[in-house]
Visitor: 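To start, I am sharing the structure in question, which I have written as structure tokens.
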Amino acid sequence: MITDTSSGDREIRAALAESWRLFASVGFFSIFVNLLMLTGPLFMLQVYDRVLTSRSEATLLTLVIITAFLFLMMGVLDYARGRVLARAGARLQERLDDRVLRATLTRALSPAERARPATGLGDLEAMQRFCSGPGPFAFFDAPWTPIFLCALFLFHWMLGVFALFCGLLLLFIALINQATTGKLRQEAGEATARSMHFVEQMRASSETVQGLGMQDAVVAHSGKLRGKLLEQTLAASDRGGLFGVMSKTLRLFLQSMMLGLGAFLAIQGQVTFGIIIAASILLGRALAPIDQAVAQWPQLQRAFGARRSLAMLLQATPPPMPRTSLPDPRALLEVQGLVVVAPGAKTPAVRGATFRLEPGKAAGIAGPSASGKSTLARALAGVWPTAAGSVRLDGAELEQYGSDISRHIGFLPQDIVLFDGSVAQNIARMSAEARDEDIVDAAKRTGAHEMILKLPGGYDFQVSAGGAALSGGQRQRIALARAFYGSPVFVVMDEPDSNLDAEGTMALAKAVESHKARGGAAVIVAHRHGAFAQCDIVYVMQGGQPVPATSGRRKEPVRQLRQKPGQAVPAQPEGIRASDPAKVRPGAQPARLQAAGTEAPAPRPAIPGRDRQIADAIARVTSARFEGRKPDEDSAKSDPPRTAAAQGAS
């Protein structure tokens, strides 16, 4: 846990300091508001000491008119300072909104952080609500408490001493309130966040919940979380309510006692009858800031807690340093000694990865599950930071490109997520400056144009969060177009064919082929070898390192994963996976191609060289895991010596 929040506090203070003129205006208005608070006591003094003794109706009417005008001005100024304070809170949120959202998204790159509730924007809103509410008035009115106490001392020293005692007593109650309810309210807030996070998870996974019959279990678990939340909320509410009622009741009682003390002094002839009423009113005004602070204590605690949490978030994710803009790079990828540790993990998933990928080339990454394929893909795309080594694009490390890296690298993650908006907005990565021709070009390059036109509204079809209205294949093809949007020089695709049919797989192969023809480079991570149809070299993850599993250039479509050498199989149209459920019989033609009048290619014997090498390499890695051996030991025994070409990108 981060304990040093100095840099985060500085950012928050700097944001607040930008509104110093607004806060100064509130303080200026507060001076006149509190001065006008003396209107009531002065009016009572004049009524009892002048009007009742002189019985002058004209004097009474004059006093009433003056008092009405002063109270009107007090109301106008009080309303004005409230509006100014609300704008100060809005400016604080506007100033930090982008910064907090970026920090939240950066922290969410860690799987451990994604599992926790994201409270950054909620904390900022809590601070904004407190700044815009009546809570800060207690701070602006508090400096006037000593002035009102001095006025009571001027009336009589006993009245001043009694008022001072009342103030200290209420302040003591406020401090006890803070000490006893602070932890309870913090625990209640954390329980609220956990409960809402769990409910949101279940709502997003409603199909899984329904399909597996988990509703009763989910409702029961949610009931436990919310039951604990209610217990903590009630405990905090009861404790805070006790001190709130105690403070209010005590203040009213002390005001009545002030009347009694004033009456005693009036009987002794030491004060006038007007001072009795005026002293009671002044005591109420002197204690008002303390009473207001106690009433606003829950919001005050929430704001202070939000500030601490926000400072920790900003401290953990400092803003990126400004970078010198670099020219558009070539598609030359150089990976040297790369070590990647997944955020939140302790051991590296990628250890010493080294390879080179030339422009116009594509590389495939294969291997068993949990071998580090996706971790390597995220590092190559600049999503996850490197622990050691380097990833260079045209000689420059990815960090040197700064925020421009997304223009040069396209990324198709394993988990496809589409956002609320149109298909065009999703392809354009939600950019407001996107051009229609660039969006359509990306869709055409990836073979998604015709599919999108068949949707209701075409490119303007509204996609719900997550793309629930689309099939898995449609979501993946739209995400593939998003990865190629803007013509990046380097594209990283993680399981790009996991939801694709034969048509989608063919479109993927053509997109990679077109990208290579333009001088781009691509890395494809996949379990199905059909995705490697356009790859010039295929690596297999062994011990966290990508080891070449193929030698020479790939010229034939990829066949069955474990195709036996010499076995004759019918050739398949380019882009159709051999593992597709609809197998092609010798001499048969797929219905889709027959309808188009395309003749099926003549059968030819399989060339299993690279497929067999990939399958053998994966089998060695898997068996070594279970037997506790190092994959390199088997590799040295069974693999032929690798040529220099096999160790490169082509």
Side-chain angles (χ1 to χ4, degrees), residues 20 22-50 63 66-82 84-85 133-175 247-248 250-263 265-266 270-297 300:
W20 71 269
L22 296 179
F23 290 118
S25 300
V26 174
F28 179 75
F29 289 145
S30 297
I31 293 174
F32 293 98
V33 168
N34 282 276
L35 285 176
L36 291 172
M37 289 291 182
L38 298 174
T39 301
L42 292 176
F43 177 74
M44 298 305 299
L45 279 174
Q46 297 302 315
V47 168
Y48 278 94
D49 294 344
R50 293 181 181 274
L63 289 174
I66 294 175
T67 300
F69 173 76
L70 293 178
F71 273 116
L72 176 63
M73 295 304 300
M74 184 184 69
V76 171
L77 292 175
D78 201 13
Y79 174 71
R81 71 172 183 169
V84 173
L85 200 58
F137 291 153
F139 295 96
F140 287 102
D141 295 342
W144 288 87
T145 295
I147 297 177
F148 294 142
L149 292 177
C150 290
L152 289 171
F153 272 102
L154 291 177
F155 289 158
H156 195 278
W157 68 270
M158 292 183 65
L159 298 177
V161 170
F162 181 75
L164 182 61
F165 167 76
C166 294
L168 293 176
L169 182 60
L170 290 181
L171 182 61
F172 176 74
I173 293 176
L175 294 177
S247 175
K248 180 180 179 181
L250 186 60
R251 180 175 62 82
L252 294 175
F253 171 74
L254 293 175
Q255 283 187 266
S256 299
M257 292 301 98
M258 176 64 79
L259 289 173
L261 179 60
L265 295 176
Q270 300 184 29
V271 297
T272 64
F273 290 105
I275 289 180
I276 298 176
I277 305 300
S280 177
I281 297 175
L282 281 177
L283 178 63
R285 290 305 313 155
L287 300 181
I290 301 176
D291 188 51
Q292 193 173 19
V294 174
Q296 296 294 322
W297 207 259
L300 180 63

Visitor: As an exercise, state the distance from CG of Leu154 to CG of Leu149, rounded to the nearest 0.5 Å.
Guide: 11.0 Å
Visitor: Restricting to non-hydrogen atoms, name the atom on Val84 and the atom on Leu22 that form the minimum distance, rounded to 0.1 Å.
Guide: CG1-O, 3.4 Å
Visitor: Under the side-chain hydrogen bond (donor to acceptor under 3.5 Å, both in side chains) rule, what pairs show up with a residue in residues 152-164, not counting sequence neighbours?
Guide: His156-Gln270
Visitor: State the CG-CE distance between Leu261 and Met257, to the nearest 0.5 angstrom.
Guide: 10.0 Å
Visitor: What distance do Ile31 atom CD1 and Leu35 atom CG have between them, rounded to the nearest 0.5 Å?
Guide: 7.5 Å
Visitor: To check you understand the geometry: which heavy-atom pair defines the closest contact between Ser30 and Phe140, and what is its length?
Guide: OG-CB, 3.5 Å
Visitor: How many angstroms lie between OG in Ser247 and CZ in Phe172, if you round to the nearest 0.5 Å?
Guide: 13.0 Å
Visitor: Test: ring pair (Phe, Tyr, Trp, His ring centres under 6.0 Å). Region: residues 24-43. Which pairs qualify, not counting sequence neighbours?
Guide: Phe28-Phe32
Visitor: Which residue pairs pass the side-chain hydrogen bond (donor to acceptor under 3.5 Å, both in side chains) test with at least one member in residues 159-169, sequence neighbours excluded?
Guide: none
Visitor: Of all heavy-atom pairs between Ala151 and Leu282, which one has the smallest distance, and what is that distance?
Guide: CB-CD1, 3.9 Å
Visitor: Can you name the nearest heavy-atom pair linking Gly135 to Phe139, along with the distance?
Guide: O-CD1, 3.9 Å
Visitor: Pro134: which residues meet the side-chain contact (heavy atoms from CB on, under 4.5 Å) condition with it, sequence neighbours left out?
Guide: Phe137, Gln292, Gln296
Visitor: Below 3.5 Å, can you tabulate the donor-acceptor pairs from side chains in residues 158-169 to any protein atom, sequence neighbours excluded?
Guide:
none

Visitor: Not counting sequence neighbours, which residues clear side-chain contact (heavy atoms from CB on, under 4.5 Å) with Met74? List them please.
Guide: Val33, Leu36, Met37, Phe71
Visitor: Show, in sequence, the C-alpha distance, side-chain angles and deciding distance for Leu287 and Phe148, and conclude whether the side chain to side chain contact (heavy atoms under 4.5 Å, CB included) test is met.
Guide: CA-CA 9 Å; Leu287 300 181; Phe148 294 142; over 6 Å; no
Visitor: Can you tell me if Tyr48 has over 12 outside heavy atoms packed within less than 6.0 Å of its OH?
Guide: no
Visitor: Under 3.5 Å, is there a donor-acceptor pair between the side chain of Thr39 and the main chain of Thr67?
Guide: no
Visitor: Going by the rule side-chain contact (heavy atoms from CB on, under 4.5 Å), which residues pair with Gln255 if we only count those two or more places apart in sequence or in a different chain?
Guide: Arg251, Leu252, Ser280, Leu283
Visitor: Sorted by first residue and then second, give each salt bridge (charged side-chain N to carboxylate O under 4.0 Å, His left out) pair with at least one member in residues 139-162; sequence neighbours left out.
Guide: Arg81-Asp141
Visitor: Under the side-chain contact (heavy atoms from CB on, under 4.5 Å) rule, collect the residues that match up with Ala278, sequence neighbours excluded.
Guide: Pro41, Leu45, Phe155
Visitor: Work out which heavy atom in Ala266 is nearest to a heavy atom in Ile276; give both atom names and the distance.
Guide: CB-CD1, 3.6 Å
Visitor: So, using salt bridge (Lys or Arg N to Asp or Glu O under 4.0 Å) as the criterion, who are the partners of Arg285 when residues are at least two apart?
Guide: none
Visitor: Heavy atoms, side chains only, cut-off 4.5 Å: are Ile277 and Val47 in contact?
Guide: no
Visitor: Just jot down the side chain to side chain donor-acceptor pair (under 3.5 Å) partners of Thr272, sequence neighbours excluded, or say none.
Guide: Asp49
